[in-house]
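Have a look at this one.
Just so it is clear: chains get the letters A, B, ... in the order the sequence lines come, proteins before strands, and each one is counted from 1.
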Amino acid sequence: MSTAALCSDRVLLNDWHVVADLANLSVGAPFHTRLLGVDITIHCRGRYNKEVVRDDTGALVTSTKRYGFLWACLGKPERDIVFVPEAEEGDRYLVTGGSIAVKVSGLRMVENFLDMGHFPFVHTGWLGDEPHTEVAPYKVELTAADELVATECKFYQPVASPTAKGGFVVDYIYKVTRPYTVALYKSNPVQKDRLDVITLFVQPVDEDNCVAHPFLAYLKDGIDEAGIRSFMQLIFAQDKPILENQVPRRLPLDPRAETPIRADAVAVLYRRWLRDKPVTYGAIPARM
Amino acid sequence: MLDLAKSRWHPIAAAHDLPLRHVFHGQLLGREFAVWRADDGYVNIWENRCLHRGVRLSIGINDGRELKCQYHGWRYSNRTAGCTYIPAHPADAPARTITNRTFAAIERYGLVWSAEEPQGEVPEVAGLAEGRLLALRGIPVNAPADVVAARLKGYRFQPSGRIDGSAAKVAVEAASTFSVVLRSSEADATTLAVFFVQPVDSNRSVIRGVLDGQVEGAARLAVLRHHNELLSRLRLAVEAEAAREPAPAPLEPVIERVSPELAEMPEESKHGRKATIRVEVARKWLAADGIAGFELRPIKGLLPTFQPGAHIDVHLPNGLIRQYSITNGPGESDSYVIGVKLERDSKGGSTCLHETVREGDVLAISEPRNNFPLRRDSVKTIFIAGGIGITPLLAMAQALNNQNLVHELHYFAQNEAQLAFPEKTSTLGASLKPHLGLSPDQTGAKLREILSGYGPDKHVYLCGPGPMLEAARHIAAEMGWPETAVHFEYFKNTNVIDDSTSFEVALARSCMTLTVPAGKTILEVMRDAGIDMPSSCEQGACGTCLATVIEGEPDHQDVYLNDAERKSGTKIMTCVSRAKSARLVLDL
Ligand code: FES
Ligand SMILES: [Fe+2]
């Protein structure tokens with residue numbers, strides 16, 4: 001692997017990041033990946049014991065398992081892994097297996113996940129369909145817990161999920177919990193009062209590359225795990241070629257680098273929130 | 001060398017790289033281009049980046065008139081590169097200033113030329129006759145352009161007439177940093193070959209060769225193969241040479257920032273009735289019985305981007321100002337075409353255009369304004385035009401037609417001879433539905449028929465004479481069309497304006513309180529106080545002078561707002577409407 005810029009953002013160094021789907025790890029086959037520009041290797045010592053080692057120094061990296069993923073922290077963890085309460089509910093499938101490498105900054109990946117406007121064009125026939133292109137006004141706020149929340153998001157979808165029959169307007173809630181972690185809640189087509197949850201853990205491979213690790217907590221009613229997995233893989237495969245054609249690959253935080261519209265309210269706030277933290281890894285800082 | 005290179009013209013593509021509806025990815029000095037030919041032949045060379053979220057436009061869709069971005073479907077017009085539609089906000093007209101960066105384009109010698117900051121002309125090569133040429137396949141080389149050009153001086157090839165020979169003499173006729181001219185001769189055969197080296201990046205180039213003389217059929221293939229083999233060999237040698245030097249760092253062209261207003265999704269810029277553009281009447285013709293067509297071309301530069309539904313103010317030689325809708329279809333950006341009906345009771349506007357203005361005359365016009373924006377998220381759109389009301393709807397129908405969106409254009413007129421712009425309406429095929437010679441009653445019955453079957457996501461757009469619009473709006477309401485689905489534009493306000501009241505207007509953002517006396521409009525009083533407010537028709541029909549009401553009760557006298565908008569009391573047309581309350585607070 002080529003060398004990549006290293007990260008100096010403490011918020012990122014001292015946080016947990018997914019580095020692998022546990023299902024992809026096997027004894028006897030070391031798994032190579034990269035986190036925040038640092039090449040690392042994952043060794044399976046026996047069935048339960050995983051070790052993450054830095055390739056440059058050979059030092060052991062702090063790691064743990066959760067939600068079907070292996071997590072690592074290059075520095076000293078300052079807080080726990082993002083808590084997903086829905087993962088504790090017994091009537092849900094917890095699904096991984098959709099991890100996908102994308103040649104773009106993970107911050108761009110998060111922004112794409114927050115974006116309803118592209119559904120009719122990129123996920124044509126699945127998450128949206130022309131001419132139903134309107135993004136109605138929605139609410140965004142920064143909560144006391146320092147999370148970004150977008151509510152009252154609505155979008156017309158022809159096939160919003162594997163069980164959906166026919167199109168309808170779907171309600172969404174988006175939540176950005178960490179710079180590289182974002183969750184989406186949408187109404188379940190069968191149990192209308194409950195929400196399906198997709199959390200996207202984005203692994204910042206380096207500034208220009210990421211692996212998106214989706215984690216789904218879907219209600220089991222009338223749905224099978226394989227169906228959800230292939231639906232998710234399809235959706236992310238549609239985003240990949242578009243994201244890999246974004247120029248520049250890193251997310252520009254300068255408000256004048258790109259042209260936001262009202263539909264991008266949550267992205268505008270996300271960029272500002274990153275700027276204030278500050279998060280610079282994977283971003284192009286704003287000009288003063 | 002590279003600074004110099006910026007001001008020079010370079011080939012960036014072969015003409016055959018731009019086939020119908022294709023978008024070509026070009027690059028010059030590290031800067032990427034989206035290059036596409038519109039159906040009218042115009043070659044567009046744009047910064048390869050959508051202004052919205054930076055997605056490469058070279059992966060976008062060329063529909064022949066506009067380029068559509070793959071990510072969120074923003075549409076950019078042929079020629080101007082102005083954004084004409086933002087699908088996420090179908091009810092809004094995009095701010096006209098969302099315009100991508102364009103670069104100069106010239107076609108010559110079978111190649112497409114561009115430059116970042118062009119100075120002077122595309123290189124002229126003596127002996128290369130336009131049209132009687134053979135353009136070779138472009139050969140990419142991983143080496144700096146000057147290294148490639150130096151090597152090309154030693155290129156040896158056979159003249160096209162003696163391709164199987166081996167004894168050709170080759171002479172260098174001219175050479176520079178980015179081009180080499182060679183002549184190969186053997187016996188009676190001679191061929192002039194010009195090689196232009198396109199500096200793609202600091203360490204990447206493309207050799208674009210052109211031969212004089214035409215060769216056809218099998219001989220042509222043989223010539224192409226001959227050069228392909230020899231140039232590929234040259235390429236390997238140059239790359240080996242270049243690899244011995246450390247590779248120069250790739251160039252990093254500066255991407256311009258968007259304007260500060262765009263970064264915040266602004267209101268349209270504010271101004272009064274300004275005629276900022278000079279146009280020439282390139283053509284004047286009888287577009288129908290009693291309707292004159294005018295084609296207005298810019299005196300210099302390009303006309304601003306327009307959207308369907310937009311109108312311009314035309315400043316007439318006799319001092320009058322009149323509004324006319326632009327009838328152009330999408331991407332028809334080299335001129336504006338308007339239609340002018342001769343009004344019997346004309347105050348001199350239409351008479352002047354019909355009788356005085358001639359081809360070759362120069363007129364002053366305003367930038368286009370769009371107060372009648374077209375949604376393109378309907379499952380079906382119905383256009384209802386009465387007479388000259390066809391003009392904005394014609395632009396709209398062509399836009400939907402181009403995007404294959406379901407629509408019908410119902411065109412009411414007295415007789416066939418009064419149907420205007422047949423050359424445009426004929427492109428609409430079966431969606432055009434003329435209704436000729438109907439009495440008012442018959443018109444009512446027809447409208448009823450057209451407006452039956454309202455369903456969600458259907459929209460209707462009306463334009464025509466006042467009585468017909470009134471009738472259509474009533475019928476639509478009766479048939480269950482919500483006001484939000486009924487869009488209309490009146491030609492003029494026939495209401496008798498009552499300007500006898502006097503009241504106070506407070507401008508919240510300007511911190512100013514003004515008194516509007518009887519006989520003066522809010523707009524006039526604001527202008528007197530130095531407030532810059534846009535306007536156009538100044539009779540409450542076009543929607544340009546709209547202001548937001550924060551407090552107080554407006555006395556609506558316009559024909560622009562619909563009933564729901566009137567009732568909400570939050571909007572006012574400042575050119576005619578007044579206040580019922582003693583005071584109005586406006587968000588200005
Ligand atoms: S990035 Fe082009 S439309 Fe959004
Ligand atoms: Fe997507």
Where does Pro120(A) contact chain B at under 4.5 Å (heavy atoms): side chain, backbone, both or neither?
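No part of it gets close to chain B.
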Below 4.5 Å from any heavy atom of chain B, which atoms of Ala263(A) appear? Answer side chain, backbone, both or neither.
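Contact with chain B is through both the backbone and side chain of Ala263(A).
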Should the ring pair Tyr461(B) and His487(B) be called parallel, tilted or perpendicular, given that the plane angle runs from 0 to 90° and is split at 30 and 60?
parallel
Do any of residues 265-283 of chain A have a heavy atom less than 4.5 Å from a heavy atom of chain B, and if so, which, in residue order?
Ala267(A), Arg271(A)
Measure the shortest side-chain to side-chain distance between Trp46(B) and Leu67(B) over non-hydrogen atoms and say whether it is less than 4.5 angstrom.
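Trp46(B) reaches Leu67(B) side chain to side chain.
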Can you name the closest pair of heavy atoms from Gly331(B) and Asn78(B) and give their distance?
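That would be O-ND2, 3.0 Å.
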Toward chain A, the part of Ser58(B) with a non-hydrogen atom under 4.5 Å:
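For Ser58(B), there is no contact with chain A at all, as no heavy atom is under 4.5 Å.
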Can you say whether Glu130(A) sits under 4.5 Å from chain B via the side chain, the backbone, both, or neither, judging by heavy atoms?
side chain
Need one label for Asn112(A): side chain, backbone, both or neither, based on atoms under 4.5 Å from any heavy atom in chain B.
both
Once rounded to the nearest 0.5 Å, what's the spacing between atom NE2 of His410(B) and atom CG of Leu393(B)?
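Those atoms lie 11.5 Å apart.
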Could you tell me whether the side chain of Val460(B) reaches within less than 4.5 Å of the side chain of Ile384(B), counting heavy atoms only?
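Side chain of Ile384(B) against side chain of Val460(B), heavy atoms only: contact under 4.5 Å found.
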Summary of ring-ring contact (aromatic ring centres under 6.0 Å, His included) pairs that have at least one residue in residues 48-79 of chain B, sequence neighbours excluded:
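Found His118(A)-Tyr71(B), His52(B)-His72(B), His52(B)-Trp74(B).
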With a 4.5 Å limit on heavy-atom distance, are the side chains of Gln307(B) and Pro94(B) in contact?
yes
Any residue meeting side chain to side chain donor-acceptor pair (under 3.5 Å) with Asp171(A), in chain and number order, not counting sequence neighbours
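By the side chain to side chain donor-acceptor pair (under 3.5 Å) rule, Asp171(A) matches Lys154(A).
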Can you tell which part of Leu251(A) gets under 4.5 Å to a heavy atom of chain B, answering side chain, backbone, both or neither?
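Neither the backbone nor the side chain of Leu251(A) comes within 4.5 Å of chain B.
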Keeping to residues at least two apart or across chains, list the salt bridge (Lys or Arg N to Asp or Glu O under 4.0 Å) pairs with something in residues 47-64 of chain B.
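Found Glu111(A)-Arg53(B), Glu258(A)-Arg49(B), Glu258(A)-Arg53(B), Asp264(A)-Arg53(B), Arg31(B)-Glu47(B), Glu32(B)-Arg56(B), Asp63(B)-Arg75(B).
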When Lys68(B), Glu256(B), Gln403(B) are compared by non-hydrogen pairs under 4.5 Å with chain A, the top option:
Lys68(B)
